Amino acid sequence: MTAPVFVVDRLDGIGPEFVLDGPEGRHAVSVRRLRPGEDVVLTDGRGRWTEGVVKAAEGKDRLVVMDLGSLREEPPPAVRITVVQALPKGDRGELAVETMTEVGVDTIVPWAASRCITQWKGDRGLKALGKWRATAREAGKQSRRVRFPEIADVATTKQVAALLAEADVAAVLHESGEEPLATVDLPTQGEIVLVVGPEGGVSPEELTLFGDAGARAFRLGRTVLRTSTAGTAAAALLLGRTGRWS
């Protein structure tokens, strides 16, 4: 899929011609500068999409799309990847979400680990979560996805342990891991949950709790990656091994 992607709230009942307006229309007309005859994809970000051709660009924020095809749906992947991402400092959280979205992660769970310097509380936490979700939406469009990742509410350590207990493969990136992640046995279908700790690392207490939930510690390689890049690198490795990059 190479045509630019734009998000619409609802695709049900969409006719052979559609007007894309608002922020998406403004981006198409004023930023992307699309012109008649160019192909576009309209999606709800939840796997449903359709293709069309630009008929006209009107003003600064109206794109008229014609020749819309039938509504299609991309099925959920047989092997889903969830990354539990400890809260990084500054804008590194948005960087992690952006790159994990680009490689194909299905769910991202913000985690308030004990060694996180950043803490999401009150309005500040809601604003930060909103930034993560907006980043996932924009990165999903940029990477031409039609099924965007879910950005869950911030999780406690106990909630992360519960996720790990239900996973088909539960892994924690940690320097104590004796096996590389590249050797873990993967299912042909099911859920992989991968935990990425904060800059200070996963605490011994958290590691014990996760181990009791069935998770194992793995390492990526000889080098130590920052929390904002470790999840992307690990997810790319797993996506390649599950065949989703083939």
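We count residues from 1, following the sequence as given. Here the structure is a predicted model, which means the values were calculated and not measured.
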Side-chain heavy atoms under 4.5 Å apart, restricted to Ile/Leu/Val/Met/Phe/Trp/Tyr: what other residues fall into the cluster of Val64, or is it alone? Val19
Tracing side-chain contacts under 4.5 Å among Ile, Leu, Val, Met, Phe, Trp and Tyr outward from Leu20 reaches Phe6, Val8, Leu11, Ile14, Phe18, Val29, Leu34, Val40, Leu42, Val54, Leu63, Val65, Leu68, Leu71
Just wondering, do [Y] and [X] contact through their side chains at under 4.5 Å, heavy atoms?
X      : Y      : result
Val154 : Leu129 : no
Pro187 : Gln189 : no
Val103 : Val105 : yes
Val196 : Val83  : yes
Arg244 : Pro77  : yes
Val193 : Val169 : no
Glu98  : Glu94  : no
Leu207 : Ser176 : yes

Ring pair (Phe, Tyr, Trp, His ring centres under 6.0 Å) partners of [range], not counting sequence neighbours, each pair once:
range            : value
residues 57-101  : none
residues 80-131  : Trp111-Phe210, Trp120-Trp132
residues 139-167 : none

Got a second to check how far [X]'s [atom1] is from [Y]'s [atom2], nearest 0.5 Å?
X      : Y      : atom1 : atom2 : answer
Lys55  : Asp67  : NZ    : CG    : 9.5 Å
Ile108 : Ile151 : CD1   : CD1   : 4.0 Å
Ser228 : Arg92  : OG    : CZ    : 4.0 Å
Leu194 : Leu238 : CG    : CG    : 6.5 Å

Check [X] against [Y] and note the closest heavy-atom contact, atom names and distance.
X      : Y      : answer
Pro198 : Cys116 : CB-SG, 3.8 Å
Leu87  : Pro110 : CD2-CB, 3.8 Å
Leu209 : Ala161 : CG-CB, 4.0 Å
Leu164 : Ala215 : CD1-CB, 4.0 Å
Ala112 : Thr157 : O-OG1, 4.3 Å
His174 : Ala217 : CB-CB, 4.2 Å

[X] side chain to [Y] backbone, donor-acceptor under 3.5 Å:
X      : Y      : result
Thr50  : Gly69  : yes
Asp21  : Gly25  : no
Asp106 : Pro149 : no
Arg241 : Ala182 : yes
Thr43  : Val146 : yes
Thr99  : Leu95  : yes
Gln159 : Thr156 : yes
Glu73  : Gly47  : no

Cluster link [X] to [Y], ILVMFWY, side chain under 4.5 Å:
X      : Y      : answer
Val79  : Val184 : yes
Leu181 : Leu225 : yes
Met100 : Leu173 : yes
Leu237 : Phe218 : yes
Leu163 : Val202 : yes

Presence of salt bridge, Arg145 and Glu74, under 4.0 angstrom: no
Atom [atom1] of [X] with >12 non-hydrogen neighbours under 6.0 angstrom:
X      : atom1 : result
Asp12  : CG    : yes
Gln119 : CD    : yes
Ile117 : CD1   : no
Arg124 : CZ    : no

Please identify each residue that fulfils side-chain hydrogen bond (donor to acceptor under 3.5 Å, both in side chains) with [X], with sequence neighbours left out.
X      : answer
Arg133 : Asp153
Thr101 : none
Arg80  : Thr107, Glu191
Ser30  : none

Please report the C-alpha distance between Leu186 and Ile192 in whole Å, then the side-chain angles of each, then the deciding distance to 0.1 Å, and finally whether the side-chain contact (heavy atoms from CB on, under 4.5 Å) criterion is met. CA-CA 8 Å; Leu186 299 180; Ile192 299 172; 3.8 Å; yes
Residues which pass salt bridge (Lys or Arg N to Asp or Glu O under 4.0 Å) with Arg62, listed by chain and number, not counting sequence neighbours: Glu58
Qualifying side chain to side chain donor-acceptor pair (under 3.5 Å) pairs, either residue in residues 211-227, two or more places apart: Gln85-Thr227, Glu179-Arg216, Glu199-Arg226
Sequence neighbours left out, what pairs pass salt bridge (Lys or Arg N to Asp or Glu O under 4.0 Å) with at least one residue falling in residues 33-43? none
Yes or no on side-chain contact (heavy atoms from CB on, under 4.5 Å) for Thr82 and Val109, after CA distance, side-chain angles and deciding distance? CA-CA 7 Å; Thr82 293; Val109 181; 3.8 Å; yes
Under 3.5 Å, is there a donor-acceptor pair between the Glu206 and Ser203 side chains? yes
